Amino acid sequence: MARLEQVLILDPPVELKFKGPFTDVVTTNLKLKNPADRKVCFKVKTTAPRRYCVRPNSGIIDPGTTVTVSVMLQPFDYDPNEKSKHKFMVQTVYAPPGITDMEAVWKDAKPEDLMDSKLRCVFELPAENEKSNDIEVNKAAAVTNAPKSDGPAMPKSASISMDDTEVRKLVEECKRLQAELMKMTDENRQLKDDGLRLRKAAQSGNPVSSTSSVTLRDNGSTALPSLLVVIAAIFIGFFLGKFVL
């Protein structure tokens, strides 16, 4: 007994074309249209199940509707000299009334009730002009989608380097002020020691030249204001550094 002719309309009808490069997943679509007035059960089979992922691979198509099946080819090393032997088959059967179990439908289906269509797989690499066109399109899309700015924006790395420069300057300035403070502290300590020595000498009755006394007073009067200025500068630099950082 002759088998029934395929009731579904397949698009494409005989070939599934996959366009490379094949370094990533390549997807092509297969449309299944049901022109009949009855529901149709379908399932998709392949001779290379490990190389493809099919979604959906089975189901029911209502009368007058279309189902799109996505066939995803997994990445592989393409050899242009090797012809593809992969094939697909769309198998169908009219859905019985009140269907609830798809597995039971296929298990109980009689061979003369089954309909099938076979498709072969074709692998294609894009031509050179298509590659160049795709590159130009991608470049144009990148320029179009690039974020716009109201004015010239400073590169992020440049702004970061400027901040680092300011920080280094402030650190160096603080170190210099600390060094001056230590120096002035040593001078102040030396002046105090000299003053103590002079007082002891005066109490013991040893004469001290008037010139030395005048010089000591001058140095002491000069050093103390300078010390206060340095301390004030350190505190000002500290608070300014807080605000800047």
Side-chain angles (χ1 to χ4, degrees), residues 1-138 140-141:
M1 183 176 178
R3 302 187 65 173
L4 296 176
E5 186 179 354
Q6 177 63 267
V7 64
L8 298 183
I9 299 175
L10 279 62
D11 181 21
V14 293
E15 287 184 347
L16 287 177
K17 292 184 179 181
F18 298 89
K19 184 173 291 187
F22 301 101
T23 55
D24 200 355
V25 176
V26 180
T27 302
T28 189
N29 292 327
L30 172 64
K31 294 182 179 181
L32 306 178
K33 182 178 180 180
N34 180 11
D37 56 358
R38 298 172 55 185
K39 292 183 179 181
V40 176
C41 299
F42 77 93
K43 62 180 178 180
V44 182
K45 297 181 178 180
T46 178
T47 57
R50 295 185 179 181
R51 298 288 296 275
Y52 298 90
C53 181
V54 182
R55 292 292 181 273
N57 59 2
S58 63
I60 301 175
I61 307 177
D62 292 328
T65 61
T66 301
V67 170
T68 300
V69 177
S70 296
V71 182
M72 292 161 276
L73 172 63
Q74 303 304 306
F76 72 103
D77 294 330
Y78 175 70
D79 184 0
N81 297 322
E82 181 181 353
K83 292 185 179 181
S84 173
K85 298 180 180 179
H86 301 167
K87 294 181 180 180
F88 278 82
M89 181 175 69
V90 179
Q91 197 169 44
T92 59
V93 64
Y94 284 111
I99 177 175
T100 57
D101 189 356
M102 285 284 295
E103 293 185 3
V105 171
W106 293 108
K107 183 178 180 181
D108 298 339
K110 298 178 181 179
E112 59 269 20
D113 294 335
L114 297 177
M115 299 166 280
D116 59 63
S117 299
K118 295 180 180 179
L119 303 93
R120 64 188 184 93
C121 298
V122 177
F123 300 152
E124 296 180 347
L125 282 177
E128 293 298 327
N129 56 350
E130 292 182 3
K131 289 182 180 179
S132 60
N133 291 336
D134 291 341
I135 294 175
E136 293 298 329
V137 170
N138 292 334

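Just so it is clear, the model here is predicted, and its values are computed rather than measured.
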How long is the gap from [atom1] on [X] to [atom2] on [Y], to the nearest 0.5 Å?
X	Y	atom1	atom2	result
D101	K107	CG	NZ	9.5 Å
N57	T46	CG	OG1	11.5 Å
D116	L4	CG	CG	10.5 Å
L32	T66	CG	OG1	8.5 Å
K87	K45	NZ	NZ	15.5 Å
H86	R120	NE2	CZ	13.5 Å

- When the ring planes of F76 and F123 are compared, do they come out parallel, tilted or perpendicular, using 30° and 60° as the limits? tilted
Shortest non-hydrogen contact from [X] toward [Y]:
X	Y	value
K19	V26	O-CG1, 3.4 Å
I61	N34	O-ND2, 3.1 Å
L125	P21	CD2-CA, 4.3 Å
F18	F22	O-CZ, 3.5 Å
Q74	R50	CG-O, 4.3 Å
M102	G59	CE-O, 3.6 Å

- Does the side chain of L30 come within less than 4.5 Å of V90's, by heavy atoms? yes
- Neighbour count above 12 (heavy atom, 6.0 Å) for K43 NZ: yes
- Item | Polar side-chain atom of S117 near backbone of Q91 as donor-acceptor pair, under 3.5 Å | no
- Of the options T27, N29, T28, which is the one that meets S70 in a side chain to side chain donor-acceptor pair (under 3.5 Å)? N29
- Query: V93 and W106: side chain to side chain contact (heavy atoms under 4.5 Å, CB included), yes or no, with the steps?
  - Reply: CA-CA 8 Å; V93 64; W106 293 108; 3.8 Å; yes
- Tell me the ring-ring contact (aromatic ring centres under 6.0 Å, His included) pairs involving residues 30-51, sequence neighbours left out? none
